[in-house]
Amino acid sequence: KNFVATNNLNDDFQKRLFQMYLTVHEEGYIKPATLGIHRSDYMLHQGESAKDTSSPTPATTASVTSSSDPFQPPPCLVNAGMPEQARSDASTAHLARCPFRQIEINTISASFGGLAAHFPAFHRYMLGWMCDKRDSDLQRVLPDNDVMAGYADGIARAWKAYGEEKAIVIMHVHQGETNVFDQNPLENALMRNHGIRLVRATFDDLIQHGRLDEATRRFYMWDNTEVAVVYMRTCYVPELISTDQEWGMRLQLERARCVVCPTLPYQLAGAKKVQQLLASPATLARFVPDEQKASRLRSVFAQMWSLDQGKEGDDAAALALADPSKYVMKPQREGGGNNLYNEEIRDRLLELANSSERGDYTLMERVHPPTFTNYLLDYRKPAADIRPAATVSELGVYGVFVRSEPADVASATLLNVTAGFLLRTKSIEVNEGGVLVGAACLDSPLLVPP
């Protein structure tokens with residue numbers, strides 16, 4: 001609370017979220033549970049000295065590699081289903097020496113879990129055709145990835161904690177949503193696995209048809225249909241919550257008894273500034289007192305620096321100005337397309353040299369992942385233009401957390417599980433990794449023996 005209050009002073013969006021949180025905190029939260037659905041993103045890091053994009057490693061994802069015959073499977077794929085055989089793929093030993101580095105954690109609208117579930121079967125079909133293997137032979141190296149089952153389990157636990165059998169779940173989406181086919185599988189999983197109804201609603205729907213009962217702080221839609229859970233797939237950037245009416249509705253949902261995923265403090269916890277603070281050993285020790293566990297967590301943290309005005313921020317800015325290629329400069333924004341790289345960093349730091357606005361950014365070491373030859377399929381390009389390219393990949397791990405409130409006993413945790421994964425692959429010529437912005441493709445990791 002104190003950290004957020006002092007580190008987003010110039011960011012109107014974050015400031016307004018925080019002020020709204022203080023309002024509800026003072027009145028008192030009455031939600032029966034906290035629900036978190038998030039994704040932590042990682043890249044392999046081979047270090048600055050090992051960075052070499054001139055000679056990509058043959059693909060170890062479930063995609064075709066470059067060769068004179070594009071349908072000739074590389075050795076690592078042929079042997080993937082036979083771990084007892086000694087493989088000659090030299091890239092595996094190199095990858096084993098590359099530690100993971102956390103890029104960020106998303107606590108609101110962690111997307112692509114619905115679409116990611118389809119890709120293992122798709123790639124098993126491709127490899128089965130290429131390598132003359134049955135689908136069952138490839139299950140071990142390309143396992144199923146039912147992310148939506150995990151999402152649905154978490155929402156069902158929160159719905160049960162609410163305690164009203166006829167209550168529904170609202171998926172809060174923005175007007176003109178284009179990612180509907182990633183979202184619909186959750187609606188299906190909730191009904192199929194738990195018999196719970198999910199209804200999509202925009203801000204216009206909520207404002208026109210929703211109401212908060214001030215006496216009970218229960219939230220109702222349409223013909224007095226009670227709402228147990230609101231799962232947010234919007235409100236993560238200023239453009240998606242702009243009018244006073246929309247902000248007023250967001251406040252109503254936060255004040256209401258229904259479980260909101262995420263609550264305002266949960267959303268704020270995903271800010272880059274908070275990630276920066278948690279990377280500090282002293283801060284991490286407050287939440288993870290077990291030094292062995294804390295050490296394992298720190299081993300995946302990328303180095304991060306504050307850019308606040310003062311000596312610490314000035315020193316960090318000097319590092320980035322000396323060689324901006326070693327760093328990424330991140331604002332407090334979600335959704336992709338916001339980070340600064342290379343000369344953009346230098347220009348922005350010089351522009352904000354004497355401004356407190358510099359503190360709205362976080363400086364992070366730039367991760368240098370190993371590169372692989374792969375094919376990136378883009379519907380905007382003719383098939384004849386699809387060529388092998390040097391690529392890098394980013395692994396996302398989904399998590400679902402449910403806690404009963406008030407959380408003053410050990411049994412308060414109702415669910416805390418890994419729900420699946422997401423692999424995104426992009427060209428090494430692209431800095432950002434967003435799929436919706438056209439920078440990356442959905443992919444599958446191929447599991448190989450060490």
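Keep in mind the model is a prediction, meaning the values are calculated, not measured. Numbering starts at 1 and runs along the sequence shown.
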For the pair Trp159 (side chain) and Val259 (backbone), establish whether a donor and an acceptor sit closer than 3.5 Å, ignoring hydrogens and angles.
-> no
Do Arg257 and Asp213 sit within salt-bridge range, that is, some charged N less than 4.0 Å from a carboxylate O?
-> no
Heavy-atom closest pair, residues Leu423 and Ser393 | CD1-CB, 3.9 Å
Residues, nucleotides or ligands: over 12 heavy atoms within 6.0 Å of Glu312 CD | no
Got a second to check how far Leu264's CG is from Gln19's CD, nearest 0.5 Å?
-> 11.5 Å
Counting heavy atoms not belonging to Arg296, are there more than 12 under 6.0 Å from its CZ?
-> no
Return yes if some donor-acceptor pair links the side-chain N/O of Asp144 with the main-chain N/O of Asp146 below 3.5 Å, else return no.
-> no
State whether the side chain of Gln267 and the backbone N or O of Cys235 hold a donor-acceptor pair below 3.5 Å, judged by distance alone.
-> yes
Taking all atoms of both residues into account, what is the closest heavy-atom pair of Ile196 and Val169, and its distance?
-> CG2-CG2, 3.7 Å
Ion pair check, Arg218 and Glu226, cut-off under 4.0 Å | yes
Side chains of Asn339 and Pro331: does their closest heavy-atom pair fall under 4.5 Å?
-> yes
Using the ring of each side chain (for Trp, its six-membered ring), is Tyr266 parallel, tilted or perpendicular to His38, with breaks at 30° and 60°?
-> parallel
If you round to the nearest 0.5 Å, how far is CZ of Phe287 from NZ of Lys293?
-> 16.0 Å
Heavy-atom donor-acceptor pair, Gln332 side chain to Asp360 backbone, under 3.5 Å = yes
If you measure from CG on Asp137 to CZ on Arg124, what distance do you get to the nearest 0.5 Å?
-> 11.0 Å
Gln46 and Cys98 have their tightest heavy-atom pair at CB-SG, 3.7 Å
Can any side-chain N or O of His172 pair as donor or acceptor with the backbone N or O of Tyr231 at less than 3.5 Å?
-> no
Consider only side-chain N and O atoms of Arg403 and Asn416, and report whether a donor and an acceptor are under 3.5 Å apart.
-> no
Where the side chain of Asn184 meets the backbone of Phe181, is there a donor-acceptor pair that is under 3.5 Å apart?
-> no
Ring centres under 6.0 angstrom apart (Tyr21, His25) | yes
Pair Glu246 + Arg250, salt bridge at N-O below 4.0 Å | no
Is atom CD of Glu291 surrounded by more than 12 heavy atoms (other residues, nucleotides or ligands) closer than 6.0 Å?
-> yes
Using a strict 4.0 Å threshold on nitrogen-to-oxygen distance, state whether Glu27 and Arg255 make a salt bridge.
-> yes
How long is the span from the CD atom in Gln139 to the NZ atom in Lys133, to the nearest 0.5 Å?
-> 14.0 Å
Taking the side chain as every heavy atom from C-beta outward, state whether Glu405 and Ile30 have any atom pair closer than 4.5 Å.
-> no
Does a donor on one side chain and an acceptor on the other come within less than 3.5 Å for His209 and Asp204?
-> no
Rounded to the nearest 0.5 Å, how far apart are CE of Met171 and CZ of Arg200?
-> 6.0 Å
Carboxylate-amine/guanidinium proximity below 4.0 Å for Lys166 and Glu164 | no
Heavy-atom closest pair (Asn145 atom, Pro120 atom, distance to 0.1 Å) is CB-CG, 3.9 Å
How far apart are the closest heavy atoms of Leu212 and Ala256, and which atoms are they?
-> CD1-CB, 3.6 Å
Between Asn338 and Lys330, is any pair of side-chain heavy atoms under 4.5 Å apart?
-> no
Under 3.5 Å, is there a donor-acceptor pair between the side chain of Thr391 and the main chain of Phe372?
-> yes
Quick check: does any side chain N or O of Glu365 sit under 3.5 Å from a backbone N or O of Tyr327, one acting as donor and the other as acceptor?
-> no
Indicate yes or no: at least one non-hydrogen side-chain atom of Leu206 is less than 4.5 angstrom from one of Val230.
-> no
Main-chain N/O of Ser109 paired with Tyr236 side-chain donor or acceptor, under 3.5 Å = no
Under the side-chain contact (heavy atoms from CB on, under 4.5 Å) criterion, do Gln275 and Gln102 qualify, and how do the steps go?
-> CA-CA 10 Å; Gln275 183 182 351; Gln102 185 184 48; 3.8 Å; yes
Approximate separation, where rounding is to 0.5 Å, of Leu240 CG and Met232 CE = 10.0 Å
Is there a salt bridge (charged side-chain N to carboxylate O under 4.0 Å, His left out) between Asp308 and Lys273 once you walk through the steps?
-> CA-CA 11 Å; Asp308 292 343; Lys273 280 284 186 179; 3.1 Å; yes
Donor on one side chain, acceptor on other, Asn106 and Asp41, under 3.5 Å | yes
pair Gln14-Leu268: side-chain heavy atoms closer than 4.5 Å = yes
Should we count CG of Asp132 as having more than 12 external heavy atoms under 6.0 Å?
-> no
Using a 4.5 Å cut-off on heavy atoms from C-beta on, say whether the side chain of Ile168 contacts that of Ile170.
-> yes
Should Asp443 and Lys426 count as an ion pair when the cut-off is N to O under 4.0 Å?
-> no
Keeping the roles fixed (side chain from Tyr162, backbone from Lys31), state whether a donor-acceptor pair exists under 3.5 Å.
-> no
Would you indicate whether the side-chain heavy atoms of Ile155 and Ile37 approach each other to under 4.5 Å?
-> yes
